[in-house]
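Proteins get letters first, then strands, A, B, ... in listed order; numbering begins at 1 in each.
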Amino acid sequence: MDRARPLKSNAIGMVKAEYGGLASTLCKGCGHNSIANQIIQVAFDLSLKPHEIIKLSGIGCSSKSPAYFLGLSHGFNALHGRMPSVGTGALMANHSLRAIGVSGDGDTGSIGMGQFKHLMRRNVRMVYIIEDNGVYGLTKGQFSVTADEGQDLKYAGHNDLPTIDLCMEAIIAGCGFVARSFAGDAKQVRTLLKAALSHRGTAVLDIISPCVAFNNHDSSSKSYGFGRANVQALQEIGYLAHEEEITLDDHEPGEMRVVELHDGSHIKLHKLEEDFDSSDRIVAMERLERAREREEFITGLIYYDSSRPSLAEVANLPDTPLAALPEERLRPSPEALEGLLQGYR
Amino acid sequence: MDRARPLKSNAIGMVKAEYGGLASTLCKGCGHNSIANQIIQVAFDLSLKPHEIIKLSGIGCSSKSPAYFLGLSHGFNALHGRMPSVGTGALMANHSLRAIGVSGDGDTGSIGMGQFKHLMRRNVRMVYIIEDNGVYGLTKGQFSVTADEGQDLKYAGHNDLPTIDLCMEAIIAGCGFVARSFAGDAKQVRTLLKAALSHRGTAVLDIISPCVAFNNHDSSSKSYGFGRANVQALQEIGYLAHEEEITLDDHEPGEMRVVELHDGSHIKLHKLEEDFDSSDRIVAMERLERAREREEFITGLIYYDSSRPSLAEVANLPDTPLAALPEERLRPSPEALEGLLQGYR
Amino acid sequence: MGVSEPRSLPARATAVSTVVNNFSLMVATVNGTGSQTANLTLLRAFFKMGIPVHGKNIFPSNIQGLPTWYHIRVSRDGYVARKVPEVLVAFNIATFHEDVTSMQSDSVCVYNGDLPVTVDRDDLTAYALPVKELIKDVTVGVKLRDYVANMVFVGALARLLEIPLEVIEESLSYQFGGRRKLIEPNLEVVDASYAWAAEHLDKRDPYRVEPMTETHGLVLMTGNEAGALGSVFGGVSFAAWYPITPSTGFIDALRAFLPRLRDGEDGSASYTVIQAEDELAALGMTLGAGWAGARAVTATSGPGVSLMSEFAGLGYFAEIPAVIWDIQRVGPSTGLPTRTAQGDVTFVYYLGHGDTKNVMLFPSSIEECFEFGHRAFDLAELLQTPVFVLSDLDLGMNNWMGTPFEYPSEPMQRGKVLSAEEVGDSFSRYLDVDGDGIPYRTLPGNSNPASAFFARGTGHNEQAVYSERAEDWSANMERLKRKFETARLQVPGPVLERPPGARLGVIAFGSTRYAIDEALDQFEEAVGFLRLRALPINDELRAFIEAHEQVVVIEMNRDAQLYGILQTELPDLGARLSSVAYLDGMPFTASFVIDRLTPYLDVEEV
Amino acid sequence: MGVSEPRSLPARATAVSTVVNNFSLMVATVNGTGSQTANLTLLRAFFKMGIPVHGKNIFPSNIQGLPTWYHIRVSRDGYVARKVPEVLVAFNIATFHEDVTSMQSDSVCVYNGDLPVTVDRDDLTAYALPVKELIKDVTVGVKLRDYVANMVFVGALARLLEIPLEVIEESLSYQFGGRRKLIEPNLEVVDASYAWAAEHLDKRDPYRVEPMTETHGLVLMTGNEAGALGSVFGGVSFAAWYPITPSTGFIDALRAFLPRLRDGEDGSASYTVIQAEDELAALGMTLGAGWAGARAVTATSGPGVSLMSEFAGLGYFAEIPAVIWDIQRVGPSTGLPTRTAQGDVTFVYYLGHGDTKNVMLFPSSIEECFEFGHRAFDLAELLQTPVFVLSDLDLGMNNWMGTPFEYPSEPMQRGKVLSAEEVGDSFSRYLDVDGDGIPYRTLPGNSNPASAFFARGTGHNEQAVYSERAEDWSANMERLKRKFETARLQVPGPVLERPPGARLGVIAFGSTRYAIDEALDQFEEAVGFLRLRALPINDELRAFIEAHEQVVVIEMNRDAQLYGILQTELPDLGARLSSVAYLDGMPFTASFVIDRLTPYLDVEEV
Ligand SMILES: Cc1ncc(C[n+]2csc(CCOP(=O)(O)OP(=O)(O)O)c2C)c(N)n1
Ligand SMILES: Cc1ncc(C[n+]2csc(CCOP(=O)(O)OP(=O)(O)O)c2C)c(N)n1
Ligand code: SF4
Ligand code: SF4
Ligand SMILES: [Mg+2]
Ligand SMILES: [Mg+2]
């Protein structure tokens with residue numbers, strides 16, 4: 001949770017409270033609440049116009065949370081595992097909108113695996129947040145695909161199945177912005193959120209977000225305890241909005257990289273791991289795989305590739321969103337009809 | 001197509017024709033037909049008992065083909081993209097059965113992506129053949145997820161989306177037997193099929209199987225022309241049934257590996273690529289990724305790991321298949337009922 | 001159910017200065033604070049005293065921190081329908097005002113005196129309890145303190161209603177499975193609160209309880225538990241599911257009962273339960289297992305049923321046995337996950353595109369949940385088709401009294417399955433040998449080569465071979481129609497709850513029976529009541545309708561779904577049927593039924 | 001459609017020694033051999049001659065090598081229903097015997113004389129064509145040789161039926177889009193075959209054609225093309241789909257028409273078409289686009305409809321405009337992908353668990369496919385709900401005559417969408433301001449902060465905020481019911497094809513109208529015919545039924561689906577309704593309808 005900024009207003013004259021939503025009905029201490037708070041903070045910091053944002057979600061505790069932030073933005077609480085398709089339609093109908101999607105590990109990795117993979121492949125412009133707690137919170141704690149292999153939980157029992165790494169899934173399906181973070185690391189979450197919002201394609205943030213009701217024992221890789229003890233950032237990341245000038249601080253050249261994002265803003269990556277390079281797909285995959293083997297909790301920007309166009313870009317859309325096109329543009333002339341029918345005489 | 005073996009009978013006294021099925025209704029020259037023929041040949045060579053095998057498929061030209069082989073085995077032509085769930089149920093109900101599943105790239109990678117991934121994760125014992133032609137044959141040639149990025153087809157148009165590598169998808173989802181082959185390489189297909197049938201978990205064979213009707217132009221990576229010109233085997237593979245004794249031929253020790261399979265049979269792997277090792281997950285993933293970048297058509301056993309138990313093994317099932325349990329084993333006694341109800345008084 | 005049969009003395013006659021064993025209690029708390037234990041302790045206590053009782057949990061769709069209400073109906077007459085409460089336990093500040101205002105005058109309000117509130121109604125008898133005070137000395141860690149706080153109202157009510165303390169202790173012990181370390185601190189609070197109440201509260205309300213013998217020998221259980229138990233005794237060997245409220249409890253119960261009742265001496269499991277990735281896969285696995293010969297079940301609710309549509313059609317058309325429990329909640333769409341309904345009747349009956357028609361069972365009690373739990377497998381295998389059991393949240397998740405379940409009288413009926421020998425040298429999977437529309441099937445693994453066939457959802461001839469021939473299609477579909485006619489006679493018939501009435505009859509199904517039964521007791525005029533237990537219908541239903549001038553179909557949905565189906569199946573009787581259909585997520589009350597039926601009775605007076 | 005109105009002179013009167021412009025032709029070939037071109041050339045030729053004509057392709061569910069039959073109905077009376085053929089073209093050895101045996105006596109058989117077969121019936125007039133001989137000199141590569149072989153029967157029939165060669169050339173040119181390189185070789189074969197026939201065949205059958213003017217000014221097009229074209233003029237801006245026969249052609253046509261008619265000067269596309277990964281995603285995308293303000297459509301068939309169930313319920317409950325074309329094929333399950341049916345009526349009407357009810361349109365002609373193609377968007381946006389257009393394979397994939405489509409008379413109706421200004425300072429998404437059950441909506445991007453709301457499939461109050469309150473649920477669902485009542489008056493009303501009859505009336509919908517129309521011409525007694533064009537029904541339908549003693553509902557499914565729905569909605573009239581429901585995958589013939597209706601007429605004679 002952030003230090004409140006009483007009545008301080010941002011570049012477009014909005015105060016932070018205006019980016020808030022309804023009171024949360026989630027459990028006290030749920031990681032999802034802190035993520036919702038970071039979204040509010042980031043929207044305020046970036047002076048986002050609420051009506052240029054849409055909120056999307058599936059079904060789950062995580063998917064409820066869009067009700068608790070950006071109350072002045074339109075949103076669509078879709079079906080379980082089906083946020084990607086609804087988002088794809090909405091964002092093609094109006095490509096001027098930016099989307100913040102919130103899903104859960106069950107919503108994304110279980111019932112939603114197919115739609116998730118195909119969303120990555122299409123590279124629809126949206127920030128896709130997975131509030132990852134290793135369980136189905138809302139249905140009282142069954143294992144999800146991100147649960148630890150071999151884990152035992154009082155209610156869910158024993159998990160014999162391997163853990164699915166949703167970052168890996170995103171990368172091999174074609175996603176160009178893949179990051180992992182921890183709800184307990186508010187600062188990193190905010191920085192990654194800002195960068196993700198500047199990315200023109202799909203940006204996946206797999207945020208470990210502890211379920212205090214069902215999966216918060218220190219032995220669980222999805223618990224606050226484990227996270228605090230083991231979180232291992234790949235980089236120190238800084239976000240630089242357009243206006244801010246880039247200072248290279250006092251790092252060795254090799255250690256520091258500045259990456260320009262689609263909207264002209266930048267991120268500063270200060271490597272904490274010698275030979276990790278988030279711009280190399282194989283390196284990224286290999287690092288995730290090693291982390292899996294060694295049960296490491298790595299966070300940071302895992303893979304970034306700005307080269308692929310987004311779905312809207314390949315669709316050759318007009319500047320005016322499809323949803324806003326006037327009748328003249330949508331309905332051809334009587335002559336056009338006449339002409340076409342000639343061909344069927 | 002194989003040299004016919006007129007009336008020669010195998011170890012259990014069956015002739016090859018008895019492993020056949022109905023006449024194919026697929027197009028002449030369709031890769032799926034040649035794969036069906038290899039299945040027949042392999043079943044004959046291994047002297048499989050038809051009633052110990054089940055055939056499974058989804059929907060598509062490929063999924064039709066189980067009607068054209070093993071006519072004496074039970075089979076289930078399920079729904080589009082849903083073979084994995086039906087197979088999981090059937091094989092848990094009767095774990096003594098071995099399954100040959102035939103799917104297509106659309107059936108597996110588009111509508112079936114979710115079920116495919118979860119099947120891999122559960123490691124259900126079945127041979128999962130993807131007859132991969134890059135298009136939806138039965139619906140007249142639309143692009144599937146394995147179509148070449150940037151490809152143009154007369155009917156389907158232009159494909160803007162990246163190619164999904166189903167072998168990579170299988171590996172990261174936990175599959176322990178992942179191979180790629182080419183319908184034009186009958187010998188390799190047969191060898192891999194034999195090995196796959198000996199594997200206790202899910203074995204995925206992604207077999208490039210040209211669609212002569214819609215995607216067989218030499219420029220397509222799924223065409224016979226491209227295949228013949230570019231196929232690049234990672235190993236020379238030999239299959240050794242239990243009885244056969246292992247001869248190490250005259251290869252450098254390093255070049256040759258003999259791997260024991262679950263049922264005691266072996267495969268001989270004669271490396272054709274220096275530093276490729278199919279037992280190393282990272283190496284396998286890296287090799288697939290390089291092949292993607294360089295548009296190489298690699299075939300052979302890409303990843304093999306026999307360590308993970310199959311779903312049936314973790315389920316602690318009795319030797320008698322669940323489907324065959326007698327009533328005594330299925331219905332507890334009146335006393336048991338009485339006893340349990342006591343607890344609700 | 002014995003206890004719900006019409007009573008000689010009508011309930012209303014009992015509203016005297018002291019009201020014994022006849023009131024409804026509503027406990028308003030916050031969920032996730034352990035109040036469930038307190039509520040169930042009270043429920044169990046009344047039950048152990050031999051007093052007919054039932055509890056309904058009205059809970060929110062979240063995990064912790066929102067208002068929840070627990071209704072306990074105490075009824076010497078055996079009525080278990082929801083009833084506007086006479087006694088309120090107000091422990092939730094968030095809803096305090098709303099709760100208090102909702103009470104009728106002359107009712108009772110027991111509340112947490114520490115809350116910054118006052119009961120601003122002098123027509124209520126109010127008792128404030130000093131909760132903090134009463135738990136301050138209890139020997140538990142701070143974490144448990146909130147939980148035991150709920151025991152304050154248990155103790156106070158024990159005193160006010162005259163529940164013997166030893167019964168409370170018994171019930172607590174039941175709730176905590178005899179674990180003293182948990183029982184002690186709770187009991188401590190109960191005692192303290194009881195003592196305090198004895199000293200400081202003077203009883204100013206008429207409600208009290210007295211021991212009875214009505215519930216002796218009965219069990220108290222949820223419908224989900226009973227259905228799961230029935231499945232276990234029905235020989236379930238395969239279950240696949242995807243979590244969804246309110247069906248999750250069905251699978252939880254399976255997973256609890258199976259190891260206890262169905263593991264072999266060798267420790268091997270005669271069953272397997274798989275958590276699927278979604279409902280499509282859950283039914284796909286269930287059908288795969290059914291095809292291979294297992295007794296396979298899945299449980300879900302509305303959204304899951306929608307996702308199962310395509311597989312349901314495959315099951316119908318490829319003729320595969322499977323059992324699907326739909327624990328209905330409020331729809332359309334995600335709707336109200338924690339509220340009850342009978343809203344999937346039409347959808348499930350026709351589930352699957354094309355001419356699909358499904359067999360459905362409607363349990364109304366825990367006894368029927370148990371019975372249908374095992375019979376559903378017999379029916380599915382006899383008819384070779386998916387059988388849908390439509391329960392609901394109210395029946396499935398709440399605790400109901402019931403007579404101990406009858407052990408299945410018949411051995412399992414596995415249907416027309418041919419062994420290798422029986423197959424002989426030719427076999428046609430879809431041939432109607434017996435004229436009942438039910439073909440013979442073989443299982444994978446059958447060593448007779450002639451037994452093999454390729455199951456499919458595509459058009460086929462009698463040998464299961466793909467066929468586009470017009471006559472093959474229509475012949476096969478006509479046979480399936482014959483099979484459905486056969487089903488009419490094999491499914492559980494309707495139960496005549498009350499003999500044909502003077503003029504008016506009522507048809508209903510499932511958990512609404514209790515409110516209806518209580519309501520019909522209140523009318524002078526005899527009203528017939530037929531309770532449907534399955535679809536498709538058979539002639540008993542027709543006869544019942546013909547025996548009345550007018551028949552009202554009562555159901556808990558907006559669109560009069562069963563009414564519509566009956567119109568379709570009995571067009572000639574359409575004019576006699578009327579509909580009372582309503583849904584707001586709350587179980588029916590007798591007074592609701594009375595209000596809605598009265599006009600039909602008055603008609604006559606005119 | 002003008003040409004299908006009742007005729008003065010009944011068809012039967014025309015069976016004289018020479019039969020002009022009145023016969024049915026069946027071409028039996030192997031699919032994937034180019035025979036479609038030959039068939040369509042003949043079809044187009046008759047059409048260009050001004051003779052009412054229609055073609056039906058009876059094709060297998062595979063790509064190449066299986067039997068396929070093409071039916072061409074040539075009818076001076078404008079009848080276009082399927083009819084048992086008088087002329088057979090037997091070019092497929094696999095079905096030769098079956099095809100020949102299927103012919104009535106006195107009919108004609110033109111066959112490939114190279115096949116090792118003989119026509120073993122002397123009651124047929126047989127003409128053998130020396131195919132190899134006739135194509136041996138044609139100047140094409142071997143690969144094309146098989147294809148042009150089909151032109152042999154075109155040439156021979158041109159001669160036998162007296163189709164002018166220039167008309168054949170015109171038609172060929174039409175088929176090949178004027179590409180001479182393709183036209184030439186085919187024409188070559190036609191000429192050769194024509195010449196050969198002139199020399200060697202002496203005409204021994206009565207069937208011939210003569211120019212007419214009936215089709216002048218008409219178009220010949222498939223229903224899928226017409227529906228797609230209607231969508232283009234309806235302003236479709238978003239389409240998502242997953243390939244499935246027979247709906248694929250609808251999207252193919254969209255993808256062909258859109259670039260041609262809807263690209264801007266700047267070359268940008270005023271639309272987007274996405275191939276989804278499955279039907280769940282296809283409808284999900286469509287709803288997402290509809291919510292955001294696009295005119296969004298998807299097209300599918302039975303299996304896809306099943307998979308869309310959950311999203312359909314969301315669309316209904318969250319009140320999102322969307323158009324779904326269901327090009328019906330034979331179900332249940334995967335069924336017969338290449339055969340026609342009207343089997344999804346009940347399932348779609350109630351698609352989605354809980355109390356879901358959907359608006360449906362039933363086009364019966366290419367004119368209506370075009371009209372509903374654009375009207376469906378108006379309705380979806382006016383009513384804020386998914387609108388299902390139920391076409392079928394016969395209407396969708398086959399070529400039908402039609403009058404040139406009327407340009408939409410009204411501007412687009414975008415429904416109750418509020419701009420930033422209109423919202424003012426407060427907005428309730430689900431408030432029934434106008435009492436018609438239709439609330440106001442705002443689109444994402446609306447700059448008025450008050451316009452924002454969170455669309456959801458969960459229970460909500462008028463502000464779209466999650467609510468479990470019983471009164472919120474029932475109030476919202478009652479409003480949705482009012483909205484459905486409003487829909488009754490906004491959907492296209494039924495068409496009175498024939499005024500109320502003496503005693504008997506017929507109700508039908510969609511593509512069965514042609515067989516029914518032809519059949520009713522044959523009865524002396526006047527029979528009324530009302531053609532339903534949408535659900536929900538309105539009072540016009542009731543009036544029609546009340547005007548008859550008996551009304552027969554005719555439909556192409558097994559379970560009498562529309563009949564069942566009418567029973568449910570008009571219980572008081574149930575006794576007057578009877579049902580003729582049949583499905584075997586083949587379009588109805590007039591004689592089938594006559595057979596099934598006759599008993600209802602005879603009744604009177606008794
Ligand atoms: C089709 C369907 N199936 C099942 C459910 C029940 N359900 C609601 S939330 C949920 C799982 C949520 O898990 P996750 O996505 O991890 O979110 P979390 O609650 O853990 O944040 C399930 C299974 C549903 N709403 N819809
Ligand atoms: C639910 C559903 N959607 C769509 C279809 C139509 N359909 C049949 S096969 C097929 C694609 C098959 O492609 P693939 O799996 O690659 O098999 P191939 O024909 O190429 O061998 C589709 C979309 C269907 N049968 N069911
Ligand atoms: S149950 Fe878990 S995920 Fe859900 S709100 Fe509570 S803590 Fe968060
Ligand atoms: S269409 Fe393609 S995939 Fe299908 S049978 Fe023909 S060649 Fe094979
Ligand atoms: Mg979760
Ligand atoms: Mg394919």
Where does D:R469 contact chain C at under 4.5 Å (heavy atoms): side chain, backbone, both or neither?
side chain

Side chain / backbone / both / neither for D:L351 at chain C, heavy atoms under 4.5 Å
both

Under 4.5 Å from any heavy atom of chain C, what part of D:F317 do you find: side chain, backbone, both or neither?
side chain

As a quick check of understanding, evaluate side chain to side chain contact (heavy atoms under 4.5 Å, CB included) for D:Q567 and C:E569, giving each step before the final call.
CA-CA 9 Å; D:Q567 290 291 1; C:E569 308 232 334; over 6 Å; no

Is D:T356 in contact with chain C via its backbone, its side chain, both, or neither, using a 4.5 Å heavy-atom distance?
both

Which answer fits C:T458, side chain, backbone, both or neither, if we ask what part of it has an atom under 4.5 Å from a heavy atom of chain D?
both

Go through the atoms of D:Y582 and report whether side chain, backbone, both or neither lie under 4.5 Å from a heavy atom of chain C.
side chain

Is it the backbone or the side chain of D:S61 that comes under 4.5 Å from a heavy atom of chain C, or both, or neither?
both

What part of D:R339 gets closer than 4.5 Å to chain C, counting heavy atoms only: side chain, backbone, both or neither?
side chain

Chain C contact via D:F59 - side chain, backbone, both or neither, heavy atoms under 4.5 Å:
backbone

Examine whether an atom of D:L480 lies under 4.5 Å from a heavy atom of chain C, and if so say whether it belongs to the side chain, the backbone or both; otherwise answer neither.
both

Tell me which one of C:D344, C:L583, C:V330 satisfies side-chain contact (heavy atoms from CB on, under 4.5 Å) with D:D355.
C:L583

Check whether D:M586 gets within reach of chain C through its side chain, its backbone, both or neither, counting any heavy atom under 4.5 Å.
side chain

By a 4.5 Å heavy-atom criterion (distance strictly below it), what part of D:Y563 contacts chain C: side chain, backbone, both, or neither?
side chain

Applying a strict 4.5 Å limit to non-hydrogen atoms, the region of D:Q561 in contact with chain C is side chain

Is D:A575 in contact with chain C via its backbone, its side chain, both, or neither, using a 4.5 Å heavy-atom distance?
backbone

Option from C:S309, C:P332, C:S306 for which side-chain contact (heavy atoms from CB on, under 4.5 Å) with D:H353 holds:
C:S306

